[in-house]
Structure formats: C-alpha cells, structure tokens
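Shown next, in structure tokens, is the structure this report addresses.
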Protein chains: 2
Amino acid sequence: MQGMGKQSPANVTINDVASHAGVGKGTVSRVLNGGGNVSAATRSRVEAAIADLGYAPSYAAQSLARGRLATVVVVVPFVTHPSAVTRVQGIIEGLRPSGTPVSILDVETPEHARGQFLMLLGSLRPEGVIVVSLTPDGDVRRRLLEADFPVVWIDAKVQGHVSLFIDNAEGGRLAADHLLSLGHEAIAFIGDDEAHSGFGFTSAAERLRGVTSALAERGLELRNCLTGPHSKDVARELAVQLLTGRDRPTGIVTTSDTQAVGVLAAARELGIDVPGELSVVGFDDVEIAESAGLTTIRQPIAESGRRAAQLITSLAGGDKPSRRHVALPLQLVVRRSTGAAPTAPVQQPATTTG
Amino acid sequence: MQGMGKQSPANVTINDVASHAGVGKGTVSRVLNGGGNVSAATRSRVEAAIADLGYAPSYAAQSLARGRLATVVVVVPFVTHPSAVTRVQGIIEGLRPSGTPVSILDVETPEHARGQFLMLLGSLRPEGVIVVSLTPDGDVRRRLLEADFPVVWIDAKVQGHVSLFIDNAEGGRLAADHLLSLGHEAIAFIGDDEAHSGFGFTSAAERLRGVTSALAERGLELRNCLTGPHSKDVARELAVQLLTGRDRPTGIVTTSDTQAVGVLAAARELGIDVPGELSVVGFDDVEIAESAGLTTIRQPIAESGRRAAQLITSLAGGDKPSRRHVALPLQLVVRRSTGAAPTAPVQQPATTTG
DNA sequence: TTGTATGCGTTATCAG
DNA sequence: CTGATAACGCATACAA
C-alpha cells in the first residue's frame, strides 16, 4: 500500500529548503516574500537551495496562511457575448504584468449569480473581484463592499463601489443624431429584451431613451421599437418584420453589433441595399463591426477590462481609489452601413383616407 | 496579543458550525463531504447550523488539506485569437455543471509558458489542466504526465497524454479539393509564420502540406505561398501582394478565418470581385466566418473545449480514458466566398519567351 | 455513529 | 538578523 510511499514528485516544501540551506523555515519565507531582514549571505544560501530543489511555494498553503487567494476573480454573465469576451481579454492583459491568475466565474441566471457571489465571499476570498455587467442584490453588494478584498465593477454604476461604465443614453443619442444628420426621419430601434433576462439590466432601455430624446429634439418620434433576446438571429427576424411591414424605416439603431449584423443579414435577404435604402447603427465596436463595415458606437471594451485590472492591482496593493466612478468615453465610428436617407420614400405609405 | 488577530469579518469556520450544532468538527466535515456515516438527526442539525451561520468552507483550507485546488486550469496562448476564445468558452460551458472554477493562464512566449507550467506543477496543483495549442518541452510533458492531476491537450497530439486534435493536412486537402472542383488551378496559400512564434506550432505547415498534395494529385503546383504573423491586417497585406503580382491566383487558401477576412478586405480594396474573380477559403469556422459569408473548413472548436472539460471531470473522478487520442471531425462549409473559377484568365500572364 | 488529534505548507509573531 | 512556534481552516485516521 504505502510501501510505495509516494512516487509522485513528493513535492518539496519550505522545510526541505530550510534544512537544505541550514536555516529555519521562517528565514526561507522571508527571502521568498518581502525579504526585509535577511543577510546577503543567508539569502543567497536560501536562494541556492530553492533553485537546487526546484522549490515552489504551495499556493493553497500560502492562501490559507495569508487569508486570501492570489487570484483575481471575474464574474461575468454571457461569456459567449463578444463584448464579454473582449472585456475578459482586457482583464487578462491588464493582469499579465502581475502574473496573477484569473478565475472566470460564469453566471447564467440571477440565482446562479447570487450563488457565485456567496461562494466568492465565503469560500474563495480572492485577491480581488471584477464584476462585469451585473448588479446583484443589495445585501450581496453590501457584503462585497465590506469584504476585505477590492471589487471593481465594469458596465455598472454601483453606489459606494469603484466602477467603470458608459453613458448609455448618450450612446443612443450619438447613434440617433448620426442618422438624423444624414436626413433620416423614419428610425426604428432593435434592442435587448432585458426585462426577461432577470438580471435587471437597463442599458438597452437607457440607450433607447437616448434615441427617443434625440428624435424628440427634432420633433420626431421613433418609428418602431422591437426587442427580443440578445442574438444575431433574433435581431435578423425582428429586422425582417420591420423591413417588410408597412412603415419601413430608413434607419435602424441597435443595442449591439451582434444585432446590427443580424439586421444586415435581413437586409441582404430582402434585397434591401445598405446603406442605399437602409442605414444601420450598431453598438460596442467589437471586432466583427469592422469586417462587417458597421457604423457603430464605440465603447472601449478591452480598455475597460485593462483598467479594471489595473485598478484591482492598485487597490489590492493598498491604494485608495482616486475616483469611485469613471465614465468611459463613447465615440461614433462611421463605416459603410450608414448613408444619406433615401431621397424618395423607399416605400410609399398608403395615404390614409382624408 | 492574538486576540486582535483580525478585525475582518471573522469568517465563520467549521468550528463555529460544530459548536453551534453541538457536534465535533469532524462530523461537520463529514456532512459537507461524502457524508457517509452521519445519522439523519445529526446531519440535519449540522445542516441547520450551516444555513444559520451562512457557513461556506474555506477554499484555501480545503485545498491545503486535500492537497489540490478545486480549479481547472486552462493554459492557452493568444487568448486574443477568436478560436482560443471559443475554446475557452467551450471549456467553461463544459465545466459549468460541476461548478468548478476555471483559471486562465495566458502565455505569450515559450519561456513564459514554461514558467506557467512549472508554477502549475509546483505551486498550483489544480484538479486538472487543459492545455490548448501548446506542446511544451519534453521534461515538462513528462512531469505533466506524472502529475497527480489529469491533463487534457487540445489541438495537440501528445505521446501518452489524452488529446483532442484535428488532421490539419486533411483540412488543407478539403480546402484545396473544393477549389479544384470549382475549376481553380491558380491557387495560393496564406498562412501563419509559425517558425517565428517559437512555440513550434506545425498546424499551418501541415495544412499547407494537405493543399500541395491535393494539387499534386491533379498535377498542379501551388501558385504562391506567403506567410506572416497571424493577423487580419498582415493577411490583407499579403493578399494585396498576391493580387497585384504577376501570377494572380483565382483561389486563396488561408489557415484561419481571421486571415481569410483579411484577404476579403484586400479584394474589396482592389475592386476584385469575390467570388467572381477570386475565391477564398478560411479555416476554423469561427463566428465571423458566417457573417463574412466565408467558405471555410469547420473544426468543432467550442465542442473541443466542452469535450476536454468533460474529460477532465471524468478523469479527475478517477475514470480511465477510453481512448488517449481523439481526432475531431473536419468539414467543408461552403458560403459566398468561393465560386467557379473565372472562365477567362483574369489577368493574362505574359507568355514567356519560348 | 461521533468526537479528538494530527497533518497540510505557509505566514507571522516572538523571543533570542 | 534568525530560529522556534503558534495560527490558518479543513480533512482524516484513530479512538471511543
């Protein structure tokens, strides 16, 4: 049974290093960490021993002794969305210099999210947490605020917490103003059906508000507003609906590039020329936007991840945040999917009997 | 002295639960884990106490006591590549049922990779490791094989290890055969410059081999073969070179959809009609391929991640792998980027002096 | 079935 | 500057 003892690498511990170097384990620990008070001679002896034995400190033991995991945890819903992916990439990139491992906690439903937060709080106790596009219940938020690790929120403005976000209404306004400036008056909106997600997202509603208020300033009303689950195909179907209905819009604003690409697909299917007969505006400016030639509202997605990572690193290092809330810049990026409104109505609306 | 220990939330421990329930900590541990020998009455008392106190076992302490981290680590280069992203998504998805956190270890260079593997082996000691598109040195491979946690390789066939991979040469052949069947004879290749990556990748070379051998079977030779760092823009530049040169090809095979999209961009810039004057084949069938209307060689990327995750879970559970090596299926997906070869030569090659 | 004692590998505290 | 030694919180072998 145990005759074989362990044939596995019999992981070398700090004790092995200590005896090999002829010092106490405390000393080894010191050279490993801050290493304040160690004589040069001892230090080099220990370092030699470490190299000799190929010693690496046990992550679990360190975590237990220190009271926290040397890992940054990212809590993110919809890891399949391109924007979520890009954010995570930014985070990983921003954390690379520090060498801190990144753990991904995917969440599917609000209850699932709650569970993940609880396990994070009670069990994981990581070095820092980055929450993406999520706003958990008040009690979880409070516990997160009281936790002894830093938390940074991306794409959510949370009271008392450090957060990076965008002005969604302004984004909607930018999109609408662009179409208006091109002469469009029949503008429709395709957005997420956030109410049904259960997460309590509000960004689509805010963007819609931006659009309608921009239109209102010109005395116009939104031609149509369709929402559905966030996906390219759903957006395509909604667009078909919009484009084959009576009040065909000449411009469509969407809440993501994914959806905009769906609208483009619908237009192609229906033989509607973009941007000749129809202009489409996306949101986010993820990678696909460029290759699809999409006019879109760019938000610095990867950048938000990078900044969150840097913030976490700095906060975990004991720094105080200079600003709690940081609004990220938004920018209209014009490509091939928008153009001047058709001079003649694309489709003559039936004149109502006067 | 030690009374002040920590003023932090004084996280509730297994001891608190034990005393609250009036049992020993061993019992609590038992109901928490396998829970074999616990009377129903005691069990419910303990469970009540756990719920009362909102107890969650410390991940670090569990890890230390058990000797391994309840985390699956993914080692992956180029997290920015769409295919890498998709694989990670698949892994996360496949691991969701088990609730195991996923840690991402990004690697930039071979040395970096080595360091990550070493820290993984010596320090992290996770529940399992999934290595994506990487083949480290022999000694690291051996240590990985001897480690007491399971390792699954994706996109790499590694001696003695469990691995999921594709037949790259077959992929190249599929692409070339498709173009050949459309009447193309002037076929060029744009691929990764893997030699300079330092990682020792060979997939591009294997795909190229598939292409050339398919051509050879018809008595043809590759018109041109250009390589460079893997990026859309580099591919675009290479394509411009190809398309403005003397021997303009009518078909281009690339080693990724990203590159194929670059080729498409080049064609558009040059006013070359696709697929009228030029056919383009991608590789992978990532999301962008569909919206770009790219004909491509589909490999089950997300699926590979899911399967790897399931394999890890099963292996970590003590199962023996049924098969060490699994070849994933490849499939030609025809879209709008390929069509019949132009009947008249697009560009009359200057007849060499006879 | 259940409580107790020991070990896991570090960090941190405290004399020396 | 350095070597013991006590936590850290849990799993587990062992005793009861």
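So you know, we letter chains A, B, ... as the sequences are listed, proteins then strands, and number each from 1. Note that the coordinates shown come from a computational prediction; the quantities given were computed from them, not determined experimentally.
Summarising the geometry of A:Phe199 relative to A:Leu134, their closest heavy-atom pair is CD2-CD1, 3.7 Å, with the distance given to 0.1 Å. Nearest heavy-atom pair across A:Ala70 and A:Pro101 is O-CD, 3.3 Å. Nearest heavy atom pair, residue A:Pro136 against residue A:Arg141, reads O-NH1, 2.7 Å.
B:Ser163 pairs in a side-chain hydrogen bond (donor to acceptor under 3.5 Å, both in side chains) with only one of the listed residues (B:Lys157, B:Arg323, B:His325, B:Arg324), which is B:His325.
Rounded to an integer number of Å, the gap from CG of A:Asn11 to P of C:dT10 is 9 Å. When the C1' atom of C:dG3 is taken as reference, atom NE2 of B:His20 falls 19 Å away, rounded to whole Å. Rounding to whole angstrom units, CZ of residue A:Arg125 and P of C:dT10 are separated by 20 Å.
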Heavy atoms under 4.0 Å is the rule here; annotate nucleotides 11-16 of chain D 5' to 3' with B where the base is hit, S where only the sugar-phosphate is, and - elsewhere.
-> BBB---
Step by step, work out the side chain to side chain contact (heavy atoms under 4.5 Å, CB included) result for A:Thr71 and A:Glu127.
-> CA-CA 5 Å; A:Thr71 289; A:Glu127 179 162 322; 5.9 Å; no
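Using a 4.0 Å heavy-atom criterion, one finds that A:Ala56 contacts the sugar-phosphate atoms exclusively.
One finds a side-chain N or O of B:Ser39 lying less than 4.0 angstrom from the OP1 or OP2 phosphate oxygen of C:dT2. Between B:Thr42 and C:dT1 there is no side-chain N or O to OP1 or OP2 distance below 4.0 Å.
Judged by distance alone, with hydrogens and angles left aside, the side-chain atoms of A:Ser39 form a donor-acceptor pair with the main-chain N or O of A:Thr42 at under 3.5 Å.
For A:Asn15, taking side-chain heavy atoms from C-beta onward, the closest of the listed nucleotides D:dG3, D:dC1, C:dT10 is C:dT10. When the nucleotides C:dT1, D:dT2, C:dG9 are ranked by their closest atom to the side chain of A:Asn37, D:dT2 comes out on top.
Nearest-nucleotide positions on DNA chain C place B:Arg45 closer to the 5' end than the other of B:Leu64 and B:Arg45.
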